[in-house]
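Order of appearance sets the numbers: ligands from 1, and atoms from 1 within every ligand. Heavy atoms only: backbone and side chains are in, while hydrogens, waters and symmetry mates are out.
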Amino acid sequence: MLEKEKTEIYTAEEKNAAAGKTWQQWEQQVPVTGRIRRLEEACWVNPDKKSFEEAAARCELSMEDVMDASRRLERFAPYFQEAFPETAAAGGMIESPLMEAVKMKEIMEQKEGAAIPGRLWVKLDSHLPVSGSIKARGGIYEVLKTAEDIALSHGLISEETDYRIFDSPEMKRLLSEYSIAVGSTGNLGLSIGIMSARLGFRVTVHMSADARQWKKDMLRSKGVAVKEYESDYSTAVEEGRRLAQKDPHCHFVDDENSKTLFLGYSVAALRLKKQLEQEQITVDAAHPLFVYLPCGVGGGPGGVAFGLKQVFGDAVHCFFAEPTHSCCMMLGMATGLNNQISVQDFGIDNKTVADGLAVGRASGFVGRLMRPFMSGCYSLDDSRMYRMLAWLADSEGIYLEPSALAGMYGPVLMAKDPDFRAYGKAAGGAGALNGSTQLVWATGGSMVPPGEMKEYYEKGKKNSLLV
Ligand SMILES: *Cc1c(COP(=O)(O)O)cnc(C)c1O
């Protein structure tokens with residue numbers, strides 16, 4: 001609902017209401033909504049989480065879907081080696097490093113006065129090739145699947161074809177008759193735009209007002225059409241979807257509902273399993289894996305968490321992390337209303353420095369599908385993201401964008417927050433927290449221009465002095 005409508009048509013009492021209940025009624029029924037509304041940092045443990053077996057039995061997607069996506073990416077690997085030489089060393093796989101952060105753990109323990117359980121690891125999706133954020137997983141995957149479907153329907157390939165054919169003039173000519181469109185706060189636009197343009201598609205990115213100028217500039221330099229909107233992410237998506245529907249040759253990447261995107265993200269779990277094995281890290285009941293995922297609309301973190309549950313079952317525990325001003329997933333899950341409620345309904349402005357997380361209404365598909373799998377959600381202040389950004393840069397020499405630090409607060413909460421601690425202790429039996437792996441999903445940052453990164457870092461330093 002538009003803000004203007006709300007003030008003009010509704011009485012004062014109705015204004016302080018969401019989905020048919022007053023804010024006070026909501027707070028009595030679902031206490032965390034009080035903290036959410038007051039913009040206080042909050043933690044929520046999911047009371048509806050089920051055992052993996054029970055959750056998986058009722059789920060419309062399965063391990064076979066994850067494997068299918070993985071095989072598709074393998075078919076494209078030879079193409080990537082050629083088209084994006086930076087992927088050649090990894091055999092054409094778009095994958096990121098896994099890093100232990102011993103010094104960062106020390107800094108956080110000292111600054112926060114808390115003993116973080118287990119070992120602290122960071123999954124550096126910030127350093128994924130091609131588009132430098134977690135969107136390089138789902139976004140690129142959906143573009144590839146679209147290209148593959150078109151090529152198959154025109155008889156240009158079979159499953160045995162060498163996919164380097166996708167770099168041929170013939171294929172580019174075919175794909176140039178099709179277009180791709182997406183609505184984005186920035187990073188999804190980058191990933192879809194870069195990949196689509198390289199394959200020869202015509203591509204339009206519908207961008208919300210909060211998108212950074214450098215992202216728009218970079219896309220335009222690659223021949224991508226960028227349409228800008230005054231309003232927020234949901235409107236850009238809505239308008240993009242509407243325009244795309246008129247054109248039968250246009251594929252709209254639907255960030256809020258796409259199972260293809262979701263499955264593209266889920267493949268990360270198969271890759272992570274190998275990396276953990278290489279590091280000789282055990283994941284089982286006595287050595288649980290806790291994973292903290294920055295969440296916007298939910299497809300990226302939801303897809304990764306879905307894959308992780310398929311791979312590690314009850315031994316993995318996944319949490320969504322969001323800014324206090326945009327904690328739409330926590331609100332949707334805690335109230336049980338998923339995408340039928342937005343942070344704006346609680347008078348929250350959806351303004352955050354965290355690119356990719358400025359989403360006021362979560363994906364209904366992800367909220368529903370992930371309900372029996374997720375362990376919980378939490379929110380944190382932007383200022384905390386800045387502080388941790390500077391600590392990580394100082395301790396490990398790794399520079400991330402603010403949103404990518406949202407997950408970093410999870411291990412601290414596992415030490416400090418009574419509800420999370422109780423959950424953690426119950427998760428793996430006595431001592432399991434000490435044997436745990438705390439994994440922070442670092443979702444973006446390597447493509448941020450140095451000047452912007454310097455500003456982020458300096459804000460973080462200043463912020464750190466104030467505490
Ligand atoms: C998009 C994004 C996320 C969250 O992904 P969603 O699918 O929107 O939930 C997290 N971090 C960064 C840096 C992103 O760009």
Side-chain angles (χ1 to χ4, degrees), residues 96 122-128 130-142 182-193 205 207-208 210-212 215 232-234 236-237 253-266 268 291-307 318-323 326-330 332-333 338-339 350 352-367 369-370 374 377 380 382 385 389 399-408 410 440-448 452-453 456:
S96 71
V122 185
K123 179 68 174 152
L124 290 170
D125 273 11
S126 47
H127 292 67
L128 279 171
V130 184
S131 73
S133 82
I134 187 171
K135 304 296 193 307
R137 298 186 183 278
I140 288 175
Y141 176 73
E142 179 147 351
V182 65
S184 169
T185 58
N187 286 340
L188 185 63
L190 274 188
S191 128
I192 302 276
V205 177
M207 276 192 159
S208 46
D210 50 335
R212 313 264 158 214
K215 292 184 181 173
D232 78 350
Y233 161 85
S234 301
V237 172
V253 178
D254 191 336
D255 198 12
E256 291 172 338
N257 300 299
S258 170
K259 284 183 193 144
T260 306
L261 266 182
F262 185 85
L263 290 169
Y265 290 116
S266 74
V291 188
Y292 308 98
L293 299 137
C295 180
V297 73
V304 170
F306 178 79
C318 302
F319 295 84
F320 288 136
E322 296 170 292
S326 304
C327 54
C328 59
M329 186 60 85
M330 178 157 63
M333 290 190 85
N338 296 321
N339 63 337
N350 189 27
T352 168
V353 294
D355 274 22
L357 309 188
V359 179
R361 188 185 297 278
S363 157
F365 151 64
V366 173
L369 190 93
M370 293 309 292
M374 293 305 294
C377 303
L380 75 169
D382 284 10
M385 295 180 211
L389 187 154
Y399 289 79
L400 303 178
E401 54 186 283
S403 41
L405 276 302
M408 194 61 85
V440 172
W441 214 275
T443 45
S446 66
M447 285 180 93
V448 176
E452 304 241 344
M453 188 53 89
Y456 288 154

May I ask you to identify the nearest protein heavy atom to [atom], giving residue, atom name and distance to one decimal place in Å?
{"atom": "atom 7 (O) of ligand 1", "answer": "Gly300 N, 2.7 Å"}
{"atom": "atom 12 (C) of ligand 1", "answer": "Thr443 OG1, 3.4 Å"}
{"atom": "atom 5 (O) of ligand 1", "answer": "Pro301 CD, 3.5 Å"}
{"atom": "atom 14 (C) of ligand 1", "answer": "Lys135 NZ, 2.9 Å"}
{"atom": "atom 4 (C) of ligand 1", "answer": "Gly296 N, 3.5 Å"}

Quick one: does any side-chain atom of [X] pair with a main-chain N or O of [Y] as donor and acceptor, under 3.5 Å?
{"X": "Asn350", "Y": "Val359", "value": "yes"}
{"X": "Ser191", "Y": "Ser131", "value": "no"}
{"X": "Lys123", "Y": "Ser96", "value": "yes"}
{"X": "Arg361", "Y": "Asn339", "value": "yes"}
{"X": "Ser126", "Y": "Ser446", "value": "no"}

Enumerate the atoms of ligand 1 whose separation from the nearest heavy atom of [X] is less than 4.0 angstrom.
{"X": "Ser403", "value": "13 (C)"}
{"X": "Pro294", "value": "4 (C), 10 (C)"}
{"X": "Asn187", "value": "13 (C), 14 (C), 15 (O)"}

Asp125 and Lys135 ion-paired at < 4.0 Å
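Salt bridge: no.
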
Do ligand 1 and [X] have nitrogen or oxygen atoms that lie under 3.5 Å from each other?
{"X": "Gly298", "value": "yes"}
{"X": "Gly444", "value": "no"}
{"X": "Ser133", "value": "no"}
{"X": "Glu401", "value": "no"}
{"X": "Gly299", "value": "yes"}
{"X": "Val297", "value": "yes"}

Contact between Leu293 and Val304 at the side-chain level, heavy atoms closer than 4.5 Å - yes or no?
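The answer is yes, as the side chains (C-beta and beyond) meet within the 4.5 Å cut-off.
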
Side chain to side chain, Phe319 and Val291, heavy atoms closer than 4.5 Å:
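When only atoms from C-beta onward are counted, Val291 and Phe319 do not touch, as no gap falls below 4.5 Å.
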
Where does the angle between the aromatic ring planes of Phe262 and Phe306 fall among parallel (under 30°), tilted (30 to 60°) and perpendicular (over 60°)?
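Correct class here is tilted.
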
Do Ser258 and Glu142 meet the criterion of a side-chain donor-acceptor pair at a distance under 3.5 Å?
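Side chains of Ser258 and Glu142: pair found under 3.5 Å.
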
Is it the side chain, the backbone, both or neither of Val359 that has a heavy atom closer than 4.0 Å to ligand 1?
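The answer is neither; Val359 stays 4.0 Å or more away.
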
